[in-house]
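Presented below is the structure to which this report refers.
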Amino acid sequence: PQVIGTLPFTEDGDVMLCGYEGAMGTHLYVAQYNYTSTETDFYYSDDAGAYWNYSGSVDDGIFSKNNFNCSQIFEGQLY
């Protein structure tokens, strides 16, 4: 398979992906729980994963492996 883009992870952790395709393209969001710092880092791509941008982090792991999602109506809202 062809690699489209890579995420700039520096530590090991759980990775969760969500996204949607709309009129303006494919939007992807990643939450990575960092085992070392116990923070969750967020990244987004608005070009189907070719380029990724760091969006911020929160303390502790607020998402479990199966409950990370993004709104298909309100861009950038994660829950």
Side-chain angles (χ1 to χ4, degrees):
Q2 180 180 357
V3 174
I4 296 172
T6 59
L7 286 156
F9 295 151
T10 58
E11 302 289 337
D12 290 335
D14 293 329
V15 177
M16 297 155 282
L17 171 72
C18 67
Y20 67 95
E21 187 169 5
M24 301 301 289
T26 301
H27 302 273
L28 301 173
Y29 300 92
V30 165
Q32 186 222 13
Y33 177 70
N34 184 322
Y35 293 145
T36 305
S37 67
T38 65
E39 290 183 337
T40 300
D41 296 324
F42 298 96
Y43 300 86
Y44 72 93
S45 173
D46 55 10
D47 59 6
Y51 297 97
W52 289 91
N53 300 290
Y54 176 75
S55 184
S57 65
V58 295
D59 291 334
D60 209 353
I62 63 170
F63 299 104
S64 66
K65 291 182 181 182
N66 63 352
N67 73 351
F68 177 67
N69 211 336
C70 57
S71 173
Q72 295 185 19
I73 298 171
F74 302 108
E75 184 176 333
Q77 284 194 359
L78 306 175
Y79 55 93

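Below, all heavy atoms of this structure are taken into account, side chains as well, without hydrogens, waters or symmetry copies.
Atom CG of D12 has 12 or fewer neighbouring heavy atoms from other residues, nucleotides or ligands inside a 6.0 Å radius. Surrounding CD1 of I4 are at most 12 heavy atoms belonging to other residues, nucleotides or ligands under 6.0 Å away.
Nearest heavy-atom pair, A48 versus L28, reported as atom, atom and distance to 0.1 Å: C-CD1, 3.6 Å. In terms of heavy-atom proximity, A31 sits nearest to F42 at CB-CE2, 3.7 Å.
Judged by distance alone, the side chain of S45 and the main-chain N or O of Y51 form a donor-acceptor pair under 3.5 Å.
Separation of atoms CZ (F68) and OG1 (T40) is listed at 9.5 Å; rounding is to 0.5 Å. The distance from the OG1 atom of T26 to the CD atom of E21 is 3.5 Å, given to the nearest 0.5 Å.
Under the side-chain contact (heavy atoms from CB on, under 4.5 Å) criterion, Q72 pairs with Y20, not counting sequence neighbours. Listed by chain and number, the residues in a side-chain contact (heavy atoms from CB on, under 4.5 Å) with S57 are E39, D41, Y54 (sequence neighbours excluded).
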